[in-house]
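Below is one structure, written out as structure tokens; the observations come after it.
Within every chain, numbering begins at 1; the chains are lettered A, B, ... in the order of the sequence lines, protein sequences first and strands thereafter. In this text the structure is predicted, and so the values were computed from the model without any measurement.
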Amino acid sequence: MIVENVINEIGRSLEGVLAFYNLTKSEVNFEISEPHVKDFGDFSTNICFLLAKKLKKSPFEIADHIVNTILPTNSIFMNKDGLIESVSFLNPGFINFKINNKVFVREFFKEVANNPKFEPENKNFSNSNELILIEHTSVNPNKALHVGHLRNAVIGDCLYRILRTAGKDVRVINYIDDSGVQVADIIVGFKHAGFSTKVDDQEVSKEKIKFDHYCGNEIYVKTNDLYKSRPDLEIKRKMILKELENPESETSLFTQTIVDRVLKDQLKTCWNLRCRYDLLCFESQIVQSNLWTDIFSILRDNEIIYYEKVGKNAGCWVYKSEKEGDKILVRSDLTLTYFAKDIPFAVWKLGFLRNPFDYDIYANQWDTSILYRTNIKKNRYKALEADSDFGNEPMIDFNRISKVVTIIDLRQERLQNLLVEILGKLGMDSKYKYLGYEPVILSQSSLDSLGISGEDKKSLHMSGRKGIYIEADRALSILEERSKVETRKRNPELSEEEIAFISKEISISALRYFFIKFDLEKMITFDINESLSLEGDTASYIQYAYARGKRVEDKNTEASILKKQDKIGNKIEILDFSPTEIELIKHVCRYDIELKQAGKNIDPKVLSKYLFQLATMFNNFYEKSPILKEKNELLANYRALILNSTLEILKLCMNIIGITPLMRM
RNA sequence: GGGUUCAUAGUUCAGCAUGGAUAGAAUGACUGCUUGCGGAGCAGCCGGUCGAGGGUUCAAAUCCCUCUGGACCCGCCA
């Protein structure tokens with residue numbers, strides 16, 4: 001869009017300046033940014049500071065020379081009808097560029113008339129030779145999701161939407177550890193501690209209860225308590241873990257049914273929050289696939305891992321890291337450590353090993369897409385058949401993988417570093433990226449409301465095992481109730497169904513926005529009251545801006561008439577647009593720049609900041625620039641066009657973050 | 001003990017990657033704004049030794065070092 005064009009234009013002319021000094025961009029990597037103070041101009045550059053060292057002159061002197069001697073020879077700045085109105089320089093040595101607002105506004109309306117929906121130019125990403133895999137959520141299937149898991153899921157899902165919108169081909173994986181200790185714990189509960197599996201919504205209590213909540217709150221927590229008084233249960237757990245190695249064993253079959261029930265309930269929560277996935281990868285399948293034996297021999301033969309004969313790790317296979325020290329992969333009893341299990345999966349995602357999986361349909365999702373699950377290939381013919389379920393191309397074309405992103409709690413950073421080291425020795429580290437985020441902790445007042453004592457600490461990390469958490473479903477329903485009260489108050493004429501629908505969308509949006517607006521490296525303290533606010537820097541603020549704007553648009557049809565008559569540009573010169581309006585237009589035009597930035601930095605926060613700012617500027621415009629009440633018809637029509645385009649961009653960004661654009665609220 | 005990371009307004013946080021002009025939001029407190037497109041809003045006001053100290057630089061919230069305080073990681077647990 002226009003702003004990006006202007007920046008590129010300025011960039012080219014500055015490269016011309018460098019040419020004057022016989023320098024190039026690679027030698028002087030100048031930046032074009034926006035000054036904090038609007039009066040200085042729309043853009044500024046630091047080129048003089050960089051040149052100062054090379055030319056041994058003061059930045060101010062250089063700025064003077066560039067602005068008064070070099071730039072005037074450049075036609076871009078001589079043209080009175082060009083987008084750049086003036087170039088100036090200021091104290092330490094900044095060169096500031098000012099946009100010609102009249103020209104800019106005219107160009108903007110021309111562009112809006114051509115592409116009012118801001119549709120991207122090409123959308124056929126399936127032909128792209130790049131494929132990005134994102135793994136997120138990956139919660140153990142023995143409990144319900146809590147608000148900490150939500151941070152993971154929402155970051156991952158927003159990243160998916162950002163990359164997808166930017167035209168990338170992306171697949172989302174959810175990794176299911178269905179054969180680890182955490183699952184074994186609840187199997188112990190069912191088989192040896194007397195917990196019933198028959199909780200079909202009513203049996204445990206009179207209220208409906210989801211199976212994942214039942215497993216997490218009742219069985220997981222209570223079974224873990226029991227270990228203290230009943231050591232026999234720990235022995236049972238060991239036996240169960242052993243039995244799980246055989247996929248045909250009775251225990252395995254039973255576990256599969258339990259995992260399936262929990263997983264379906266977990267997915268309900270995720271889908272409820274508008275997350276979606278392409279593929280579920282089961283740990284048990286990876287174990288059966290023998291991917292481990294393949295990668296193990298490669299690691300052994302390349303002397304990346306060693307067998308320890310003496311010392312404290314005698315009898316183990318060990319990776320020796322220069323930075324992190326020794327890390328055991330295979331214990332002396334030949335079982336694999338948690339860390340080792342991650343390697344075959346990572347290597348499979350990168351397409352380094354053969355693909356042993358078929359893809360079977362697991363479920364239909366809220367967005368009508370199909371969720372697949374891995375299944376060990378029974379034979380070749382079956383494999384071909386399964387691939388054809390996903391159109392003509394395989395579900396994941398491992399030849400095209402350009403990046404694998406894993407969204408993961410920063411507490412696992414050390415292990416991820418080790419993994420990257422090992423991948424590096426196999427020559428694959430450049431494609432592997434882990435995106436770490438700090439965990440979510442519970443505030444004092446949240447702990448109080450849960451009846452948990454934080455002892456002398458003000459906040460606590462969540463723990464599924466200890467029962468210290470707020471379930472995602474619970475946070476959502478609290479928010480939903482609050483939104484209902486507000487919505488009902490404001491819209492007494494709406495039916496309960498309509499109010500329920502609106503409140504649900506408000507609560508989902510609020511929760512999603514809350515989890516991406518913070519820096520990934522910042523711990524989030526979840527407070528049951530303050531975190532679930534609907535005012536200020538929240539999704540509701542953005543939705544409210546959209547709803548009231550939409551309301552005006554509905555009542556005003558002039559804009560579309562104007563577009564049809566194609567009068568754009570005709571009388572525009574006689575109109576005076578206010579600074580508020582011009583600022584808004586300029587911000588609207590930054591959409592593609594911000595989207596690129598978010599994708600490049602792999603950071604959804606970039607977009608949420610942009611969106612909030614856009615909503616703020618729009619609310620400003622809404623207050624100051626009436627449309628329906630404006631007597632100057634031409635001006636009203638042009639304002640309506642600004643309204644249209646702002647709403648379009650708002651909607652695009654809201655969809656990327658997963659905030660529902662509402663007509664009423 | 002070794003390592004990673006964080007510290008900015010009463011509170012919650014942007015800004016730091018790539019040093020640059022007067023450090024920004026939100027919230028809270030206070031004051032206004034509704035015959036005017038929806039007040040989940042708008043405008044105003046209050047609020048800062050950017051944890052402390054040193055260094056590099058023409059220039060440091062931003063880079064380097066030390067210190068203080070918090071969080072996390074460092075297992076033949078996951």
Worksheet entry | Options B:C37, B:A78, B:A21, nucleotide nearest the side-chain atoms of A:Pro35 |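 For the A:Pro35 side chain, the nearest candidate turns out to be B:A21.
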
Worksheet item: Which of the following nucleotides, B:A14, B:A17, B:A71, is nearest to the side chain of A:Met523?
Response: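 Selected nucleotide: B:A71.
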
Worksheet item: Does A:Lys320 pair with A:Glu308 as a salt bridge, N-O distance under 4.0 Å?
Response: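 Yes, this pair counts.
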
Discussion item. Assess whether a salt bridge exists between A:Glu421 and A:Lys327, defined as any Lys/Arg side-chain N lying under 4.0 Å from an Asp/Glu carboxylate O.
Written reply: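 No, A:Glu421 and A:Lys327 are not salt-bridged.
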
Tell me: [atom1] of [X] to [atom2] of [N], nearest whole Å?
| X | N | atom1 | atom2 | value |
| --- | --- | --- | --- | --- |
| A:Phe526 | B:C13 | CZ | P | 13 Å |
| A:Lys605 | B:A25 | NZ | C1' | 13 Å |
| A:Asp342 | B:A78 | CG | C1' | 11 Å |
| A:Gln416 | B:C74 | CD | C1' | 16 Å |

Can you tell me how far [atom1] in [N] sits from the matching atom in [M], rounded to whole Å?
| N | M | atom1 | result |
| --- | --- | --- | --- |
| B:A14 | B:U57 | P | 32 Å |
| B:C16 | B:G54 | P | 26 Å |
| B:A7 | B:C45 | C1' | 29 Å |

Any strand: nucleotide that pairs with [N] via Watson-Crick or wobble, under 3.5 Å:
| N | value |
| --- | --- |
| B:U66 | B:A52 |
| B:A43 | B:U31 |
| B:G1 | B:C74 |
| B:A26 | B:U11 |
| B:U57 | none |

Worksheet item: So, does the side chain of A:Thr337 form a donor-acceptor pair with the base of B:C76 at under 3.5 Å?
Response: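 In this structure, the two groups form no donor-acceptor pair.
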
Fill in: A:Phe612 six-ring face occupied by A:Lys517 cation (under 6.0 Å, within 45°)
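Checked: cation-pi criterion not met.
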
Worksheet item: A:Tyr437 ring centre to A:Arg151 NZ or CZ under 6.0 Å, with the angle to the axis within 45°?
Response: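 The answer is no, since A:Arg151 fails at least one limit relative to A:Tyr437.
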
Worksheet item: Would you say A:Phe40 stacks on B:A21, if stacking means ring centres under 5.5 Å apart and planes within less than 30 degrees?
Response: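 Yes, A:Phe40 stacks on the base of B:A21.
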
